[in-house]
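Quick caveat: nothing in here was measured; it's all calculated off a predicted structure. FYI, the numbering just counts along the sequence from 1.
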Amino acid sequence: MNIVNTKALLLGLLTVLIWGSTFAANSVSLQGGFSAGHLILYRFIIASIIFGILSLIPTMKIRLPKKEDLLKITLLGFVGISGYHICATFGQLTVSAGTAGMLIGSGPIFTTIFAILILKERLSSVGWVGLGFGFVGIILIAIGSGDTSLGIAPGVFLTIAAAIATSIFFVYQKPFFKKYSAIELTAYCTWAGTIPFLIFAPGLIQDIQTATLEANITAIFIGIFPTAFAYLTWAMALSLANASSVSSILYLEPVIAITVAWIWLNELPTMVSIIGGMIAISGVLVVNFYGKRQNIVENSDQVKMIQ
């Protein structure tokens, strides 16, 4: 493994460690008095301010995006930031932190599908078997997500939609690194993605005032680390390696999410969901380590962009 890939791996691992704590942190803030919409807006106001301050530092060299890329980057922010966080956060109203982590952790399955359709990656027969196992795992996670051992919580569908949105984000983000630095692209997408959240502005101040101290501190933590810092380190990782290879690190996220939820909230998913998570992760591993026939096309001229 060369130095570049090692650096990408370390950045990816750091990101996943931080993101893995997000699900439990979301639960704490939601249970402590924040509505889902206000929590999303609060964390992204914090992240947007952070990137705004960084943009004022000359050494950061955050330029304005090119006019021809403005619409594409805005759409990318709407899908990967706005779409993902609305679905993921509202999904957690009825889905436990660990279960949400397992469903989001299935994201590499969808990333692989988009890589096949968009980036022309090919899978071997073993890869397709792994992909099938991944979907079986997702179904089992969903079945074990409800109040009973065999019931599907409504938030499952939103959480799966979130996994799809973030997969689209990872795949379409990659070509922009040929024009923009990781911090530039992360700032653009954060600012663009924050705009739709302004619909949740009414009542935000009241929520902040009435929420518990723990909920407020946790919301600030989410805004600084999972939202600003981790998105930046993830973008840096993607800029150094291909989307499929880096995204394979996400198989660790469910393990971290379950562990943090267990320690912090004394909460564990049902056994059916845990078995499903193990199957889904196994499928992801098979696809990423044994199922590839050729690498993702890296030339941006060969990559279809969001129109």
Asker: Could you list the residues that satisfy side chain to side chain contact (heavy atoms under 4.5 Å, CB included) with Met60, not counting sequence neighbours?
Answerer: Leu54, Ile57, Ile62, Ile183
Asker: Taking atom OG of Ser55 and atom CD1 of Ile50, what is their separation to the nearest 0.5 Å?
Answerer: 12.0 Å
Asker: Can you check whether Val286 reaches Val129 side chain to side chain, under 4.5 Å on heavy atoms?
Answerer: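 Val286 does not reach Val129 side chain to side chain.
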Asker: Is it possible for you to say whether Ile81 and Ile199 belong to one hydrophobic cluster, with membership spreading through side-chain heavy-atom contacts below 4.5 Å?
Answerer: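 Yes, one cluster joins them.
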Asker: Given the rule that I, L, V, M, F, W and Y join up when any side-chain heavy atoms are under 4.5 Å apart, are Phe229 and Ile53 in one cluster?
Answerer: yes
Asker: Which residues satisfy the salt bridge (charged side-chain N to carboxylate O under 4.0 Å, His left out) test with Lys179, sequence neighbours excluded?
Answerer: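 With neighbours one apart ignored, the set is Asp69.
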Asker: Would you please name every residue forming a ring-ring contact (aromatic ring centres under 6.0 Å, His included) with Phe221, sequence neighbours left out?
Answerer: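 Only Phe225 meet the ring-ring contact (aromatic ring centres under 6.0 Å, His included) criterion with Phe221.
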Asker: What pairs with Tyr180 under ring-ring contact (aromatic ring centres under 6.0 Å, His included), at least two apart in sequence or on another chain?
Answerer: Tyr188
Asker: Donor-acceptor pairs under 3.5 Å, side chain of residues 156-163 to any protein atom, not counting sequence neighbours: which ones?
Answerer:
residue	atom	partner	partner atom	Å
Thr159	OG1	Gly155	O	2.7

Asker: Do Leu93 and Ile141 share a hydrophobic cluster (ILVMFWY, side-chain heavy atoms under 4.5 Å, transitive)?
Answerer: yes
Asker: At what distance, to the nearest 0.5 angstrom, does CD1 of Ile40 lie from OG1 of Thr194?
Answerer: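 So the CD1 of Ile40 and the OG1 of Thr194 are separated by 11.0 Å.
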Asker: Checking Asn26 side chain against Gln92 main chain: does a donor-acceptor pair fall under 3.5 Å?
Answerer: no
Asker: Please report the closest heavy-atom contact between Leu265 and Ala97, naming both atoms and the distance.
Answerer: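 In this case the closest contact between Leu265 and Ala97 is CD1-CB, 4.4 Å.
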Asker: Got a second to check how far Ile222's CD1 is from Thr227's OG1, nearest 0.5 Å?
Answerer: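 Ile222 atom CD1 to Thr227 atom OG1 measures 7.0 Å (nearest 0.5 Å).
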Asker: Evaluate the ring planes of Trp19 and Trp234, with Trp represented by its six-membered ring, and classify them as parallel (under 30°), tilted (30 to 60°) or perpendicular (over 60°).
Answerer: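 Ring orientation, 0 to 90° scale: tilted.
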Asker: Would a distance-only check, ignoring hydrogens and angles, find a side-chain to backbone donor-acceptor pair under 3.5 Å from Glu214 to Val28?
Answerer: no
Asker: Regarding Ser48 and Thr190, do their side chains bring together a donor and an acceptor under 3.5 Å, going by distance alone?
Answerer: no
Asker: With sequence neighbours excluded, tell me which residues meet side chain to side chain contact (heavy atoms under 4.5 Å, CB included) with Ile139.
Answerer: Ile143
Asker: Return yes when atom CZ of Phe177 has more than 12 non-hydrogen atoms of other residues, nucleotides or ligands closer than 6.0 Å, and no otherwise.
Answerer: yes
Asker: Please report the closest heavy-atom contact between Phe200 and His38, naming both atoms and the distance.
Answerer: O-CD2, 2.8 Å
Asker: May I ask you to list the residues sharing a hydrophobic cluster with Ile217, side-chain cutoff 4.5 Å, ordered by chain and number?
Answerer: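 Listed partners: Leu213.
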Asker: Check whether Thr233 reaches the backbone of Ala230 with its side chain - one donor and one acceptor, N or O, closer than 3.5 Å.
Answerer: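 Yes, because the side chain of Thr233 sits within donor-acceptor range (under 3.5 Å) of the backbone of Ala230.
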Asker: Just verifying a value: how many Å separate Ser273 OG and Met102 CE, rounded to the nearest 0.5 Å?
Answerer: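 Interatomic distance, Ser273 OG to Met102 CE, rounded to 0.5 Å: 4.5 Å.
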Asker: Ignoring hydrogens, what is the shortest heavy-atom contact between Ala100 and Val95? Give both atom names and the distance.
Answerer: N-CG1, 3.5 Å
Asker: Might you point out which heavy atoms bring Val260 and Ala24 nearest each other, and give the distance in Å?
Answerer: CG1-CB, 3.8 Å
Asker: With sequence neighbours excluded, tell me which residues meet side-chain hydrogen bond (donor to acceptor under 3.5 Å, both in side chains) with Glu253.
Answerer: none
Asker: Can you list the residues that meet the side chain to side chain contact (heavy atoms under 4.5 Å, CB included) rule with Ala219, with sequence neighbours excluded?
Answerer: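 Per chain and number, Ala219 pairs via side chain to side chain contact (heavy atoms under 4.5 Å, CB included) with Ser29, Phe34, Leu39, Tyr42.
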Asker: Taking only residues two or more places apart in sequence or in another chain, which ones pass ring-ring contact (aromatic ring centres under 6.0 Å, His included) with Phe78?
Answerer: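 None.
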Asker: Would you confirm whether Asn216, through its side chain, and Ile208, through its main-chain N or O, come within 3.5 Å as a donor-acceptor pair?
Answerer: yes
Asker: Give me the atom names and distance for the closest heavy-atom approach of Pro269 to Ile274.
Answerer: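 Closest pair (atom of Pro269, atom of Ile274, distance): O-CD1, 3.7 Å.
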Asker: Shortest non-hydrogen contact from Ala237 to Ala8?
Answerer: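 Smallest interatomic distance, heavy atoms only, reads CB-O, 3.5 Å.
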Asker: What's the separation between atom CG in Leu30 and atom OG1 in Thr89, rounded to the nearest 0.5 Å?
Answerer: 7.0 Å
Asker: Apply salt bridge (charged side-chain N to carboxylate O under 4.0 Å, His left out) to Glu184 and list each qualifying residue two or more places apart in sequence or on a separate chain.
Answerer: Arg63
Asker: Are Leu11 and Leu13 joined in one hydrophobic group, where the rule is that I, L, V, M, F, W and Y side chains link up if heavy atoms are under 4.5 Å apart?
Answerer: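 They do share one cluster, since a chain of ILVMFWY contacts under 4.5 Å joins Leu11 to Leu13.
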Asker: To the nearest 0.5 Å, tell me how far Lys61 NZ sits from Thr59 OG1.
Answerer: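 The NZ atom of Lys61 sits 8.5 Å away from the OG1 atom of Thr59.
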Asker: Under a 4.5 Å side-chain heavy-atom rule over Ile, Leu, Val, Met, Phe, Trp and Tyr, are Trp128 and Phe135 clustered together?
Answerer: yes
Asker: For His85, what residues pass the ring-ring contact (aromatic ring centres under 6.0 Å, His included) criterion, not counting sequence neighbours?
Answerer: Phe44, Tyr231
Asker: Inspect the surroundings of CG in Leu64 and state if more than 12 heavy atoms from other residues, nucleotides or ligands are less than 6.0 Å away.
Answerer: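 Counting other residues, nucleotides and ligands, CG of Leu64 stays at 12 neighbours or fewer.
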